[in-house]
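To keep things clear, I will list the structure first and then write my remarks on it.
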Amino acid sequence: LQLRGKIDEELLEDLEEALIKADVGVETSGDIIDKLRLRIREEKITETVEIQRTITGIIKDMMLADYAGKEPGLKELNSKPLVILFTGVNGVGKTTTIGKLAKRYVDTGKSVLLIAADTFRAAAIDQLAIWAERAGADISRQNQGADPSSVVFDGLKKALNSNVDIVLIDTAGRQHTKINLMNELNKIDRTIKKVIPDAPHESLLVVDATTGQNALMQAEMFGKATNLSGVVLTKLDGTAKGGIVVGIKHQLDVPVKLIGVGESTADLRDFSVDEFLKAIFD
Amino acid sequence: SLQERFDGIFRKLKGKGKLNDDNIKEAMREIRRALLEADVNFKIVKNFVDQVSEKAVGQEVMKSLTPGHQVVKIVHEQLIQLMGSQNFKLNFNDNRTNKIMMVGLQGSGKTTTSAKLASLGRKKFKNISPMLVACDVYRPAAIEQLTVLGKQLDIPTFTINTKNVVKIAKKALKEAESENKNLLIFDTAGRLHIDQVLMKELRDLKQTIQPDYIFFVADAMTGQDAVNVAREFNDQLEFDGVILTKMDSDARGGAALSIKAVTGKPVVFLGAGEKISDLEEFHPKRMADRILG
Ligand SMILES: Nc1nc2c(ncn2[C@@H]2O[C@H](COP(=O)(O)OP(=O)(O)OP(=O)(O)O)[C@@H](O)[C@H]2O)c(=O)[nH]1
Ligand SMILES: Nc1nc2c(ncn2[C@@H]2O[C@H](COP(=O)(O)OP(=O)(O)OP(=O)(O)O)[C@@H](O)[C@H]2O)c(=O)[nH]1
Ligand SMILES: [Mg+2]
Ligand SMILES: [Mg+2]
């Protein structure tokens, strides 16, 4: 983004274009530019070099509101187990992300159990089992076609009995337009609470960075089924910027906690707003 | 809806009967907003709005008594024209080996769609005996996934224990001859368009297979990045058509317009669910309506 010359409407249009191209969306981009226009007037900004700092600051405030300016990480718990539920539409990277996170926890000396609650898709359980092996985690599974809630119930009982530190629950990809599948998800959430009342301690929506405006609808509907605590933004190693997470935070108050940057176990990182914005504006 | 927003804009014109530059501008802003919300690429939206604006300030619209309707009609027609006609026809010949290669980003729906196409081929064409070929040697349980789908259809999946996909393809072609399989569908691993090594793998695979069809499989919910991905895949592989998956979502699917505009290649099928039967024909008018919301 070339910030030279004077601060005029053309510069603001260029900035709005950069946001829209990053999938921030028309409405949220407009809000950001409106805020910027106000700040330019209030702070009497005349240097274009100040503009990037100002707009970055505005978006950073949006993303980190209620977090004292620091990215929220995953919960840490004094009790066992910490339970994390993974949801999202088809093909976004839920299973792969679980494998990566399992490895991260195992590497810090924690015991991890994966629950294979995608009992629908072909080879879904086999796929998770391979990740369990790669990570050094255990897996709780039944046959394809089993009731996902019963798999979750049994898995959590097993976790309590074996005193495991971390439980990661994989669910089948589903479209939020399918009421029966969203009800199934809600039932999974209620089943979790039957075994461990304050679980899941994290309920993460996995979002593909290449996704456009539909991600907002996904966050809204999945949030109704399971009360989201965060987003995992995957496939940021591509050319997509994942700007839809700005709207998800600004409108639904769900923060990004992790990002996926590849297909291997090591390709999982904590979310950094600075790096995220640098990619959008550079 | 766009029609409702236009009615609002042009309602103020009742009794005056003529369109002027100002309310055309306002209508164009609404169109721009609607298309961007539908994930159509920024640059393509700009070009589209310029084209429509040019047509709308023309004489025919000026004379109309329902300017709102007239502008919406121009938008629809322009959109349908851009989406392309419906004249792609899948053609399988039962006395030779028909070959399809599936390519695209990670998670777009290639493996599932491979099975759907195998089933469609056998159903719609006489004497077609399909075989799936597992060329994804990277993703955990990818081969198992294709094999399971094949078993559900009683369609064999060709797989050998090697990391060399060109070798798999060569052996699959031989197997097809000896087993009288005349429709081969090659499923490949998802990959980034910017991964030089893996894009070269696809070029090598294309060279080996000499496919009749290369289908670029893309997710209907893809946003602004669709053009970057599609352009690169097309520049490197010259695919024949696009299969837009997950159309059973409520994604508006603007990526369809972006991909067509930047590659010139037609959308040939729509994935509309996870079942084998969930493969539909592409209808430009229906897609245009969906994109406009
Ligand atoms: N490049 C890249 N690919 C990823 C990333 N995360 C996942 N993938 C790939 O995306 C594809 C889908 O990943 P899965 O983990 O199967 O996705 P899922 O959400 O579990 O899919 P379903 O269970 O079928 O809904 C696989 O090819 C993964 O390797 C990432 O951060 N970067
Ligand atoms: N709702 C819906 N889901 C679909 C559709 N097509 C595929 N899927 C689902 O999307 C997910 C990804 O599909 P795959 O066939 O594994 O995608 P892929 O392109 O082979 O993925 P990689 O091999 O990892 O690149 C799975 O959960 C599929 O069941 C569709 O049209 N609608
Ligand atoms: Mg999965
Ligand atoms: Mg696949």
Side-chain angles (χ1 to χ4, degrees), chain A residues 16-18 20-27 29-30 89-96 99 120-131 133-134 144 172-178 207-218 221 234-235 237-244 260 262-263, chain B residues 32-43 45-46 105-112 115 138-152 189-195 218-226 228-229 232 245-246 248-255 271 273-274:
Chain A
E16 187 172 25
E17 180 174 329
I20 292 174
K21 282 181 174 168
D23 287 313
V24 174
V26 183
E27 181 165 343
S29 300
V89 300
N90 307 79
V92 293
K94 299 176 290 299
T95 306
T96 305
F120 170 74
R121 207 208 68 210
I125 300 171
D126 298 300
Q127 183 188 5
L128 190 68
I130 291 171
W131 278 109
E133 196 171 333
R134 283 181 179 180
Q144 186 180 7
R174 69 200 65 220
Q175 296 297 330
H176 49 280
T177 46
K178 312 236 159 104
V207 175
D208 188 324
T210 65
T211 311
Q213 297 311 299
N214 193 248
L216 254 170
M217 209 40 168
Q218 293 172 19
M221 301 303 284
T234 62
K235 308 182 195 174
D237 45 319
T239 49
K241 303 289 194 278
I244 30 96
E263 303 186 71
Chain B
R32 175 182 177 273
R33 186 182 190 89
L35 293 177
L36 287 175
E37 284 174 349
D39 294 321
V40 180
N41 179 266
F42 187 89
K43 212 187 238 155
V45 170
K46 190 169 185 323
L105 290 178
Q106 291 91 345
S108 62
K110 298 173 293 299
T111 304
T112 308
Y138 307 101
R139 170 174 154 155
I143 297 175
E144 176 67 6
Q145 184 187 3
L146 190 64
T147 305
V148 167
L149 292 175
K151 283 209 177 98
Q152 288 173 6
R191 69 206 59 216
L192 296 177
H193 52 301
I194 52 173
D195 186 326
D219 199 318
M221 65 185 188
T222 311
Q224 295 290 312
D225 201 46
N228 300 326
V229 185
E232 194 60 33
T245 61
K246 308 175 203 173
D248 47 313
S249 67
D250 54 2
R252 298 263 287 276
E274 296 189 76

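Every value quoted in this text rests on a predicted model; they were computed, and no experiment measured them. In what follows, chains are A, B, ... by sequence order, proteins preceding strands, each numbered from 1.
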Original post:
Do the side chains of A:R121 and B:Q145 get nearer than 4.5 Å, heavy atoms only?
Top reply: yes
Just verifying a value: how many Å separate [X] [atom1] and [Y] [atom2], rounded to the nearest 0.5 Å?
{"X": "A:T211", "Y": "B:D225", "atom1": "OG1", "atom2": "CG", "result": "10.5 Å"}
{"X": "A:E27", "Y": "B:R33", "atom1": "CD", "atom2": "CZ", "result": "6.0 Å"}
{"X": "A:L216", "Y": "B:E37", "atom1": "CG", "atom2": "CD", "result": "10.5 Å"}
{"X": "B:L105", "Y": "A:D208", "atom1": "CG", "atom2": "CG", "result": "8.0 Å"}
{"X": "B:S249", "Y": "A:M217", "atom1": "OG", "atom2": "CE", "result": "11.0 Å"}

Given heavy-atom pairs under 4.5 angstrom as the criterion, report whether the side chain, backbone, both or neither of [X] touches chain B.
{"X": "A:Q218", "value": "side chain"}
{"X": "A:K235", "value": "side chain"}
{"X": "A:E263", "value": "side chain"}
{"X": "A:Q175", "value": "side chain"}

Original post:
So which of B:D250, B:T222, B:L192 has the largest heavy-atom pair count under 4.5 angstrom toward chain A?
Top reply: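 The option with the most such pairs is B:D250.
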**OP:** Please determine, among B:H193, B:R139, B:R252, the option with the most heavy-atom pairs under 4.5 Å with chain A.
**Re:** B:R139
**OP:** Give me the one residue out of A:T210, A:I244, A:V92 that meets side chain to side chain contact (heavy atoms under 4.5 Å, CB included) with B:M221.
**Re:**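 One option only clears the test, and that one is A:V92.
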Subject >> Expected output: side-chain A:T177 to main-chain B:D248 donor-acceptor under 3.5 Å >> reply: yes
Tell me the closest heavy-atom pair linking [X] and [Y], and the distance in Å.
{"X": "A:N214", "Y": "B:A251", "result": "ND2-N, 3.4 Å"}
{"X": "A:N90", "Y": "B:D219", "result": "O-OD2, 4.5 Å"}
{"X": "A:K21", "Y": "B:Q224", "result": "O-CB, 3.3 Å"}
{"X": "A:A123", "Y": "B:A141", "result": "CB-O, 3.8 Å"}

[X] versus chain A, heavy atoms under 4.5 Å apart: side chain, backbone, both or neither?
{"X": "B:L146", "value": "neither"}
{"X": "B:R32", "value": "side chain"}
{"X": "B:E274", "value": "side chain"}
{"X": "B:L36", "value": "both"}

Original post:
Looking at A:G99, A:G238, A:G173, A:A22, which one has more heavy-atom pairs under 4.5 Å with chain B than the rest?
Top reply: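 When all of A:G99, A:G238, A:G173, A:A22 are compared, A:G238 has the most.
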**OP:** For chain B, find which of A:D237, A:T96, A:V89 contributes the most heavy-atom pairs closer than 4.5 angstrom.
**Re:**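 Most heavy-atom pairs within the cutoff with chain B belong to A:D237.
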**OP:** Using a cut-off of 6.0 Å, state whether more than 12 heavy atoms not belonging to A:K178 lie near its atom NZ.
**Re:**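 Result for NZ/A:K178: enclosed.
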Subject >> Heavy-atom neighbours of A:E133 CD exceed 12 at 6.0 Å >> reply: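 Counting other residues, nucleotides and ligands, CD of A:E133 stays at 12 neighbours or fewer.
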Original post:
Can you name the residues that form a side chain to side chain donor-acceptor pair (under 3.5 Å) with B:D39, not counting sequence neighbours?
Top reply: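 Side chain to side chain donor-acceptor pair (under 3.5 Å) list for B:D39, sorted by chain: empty.
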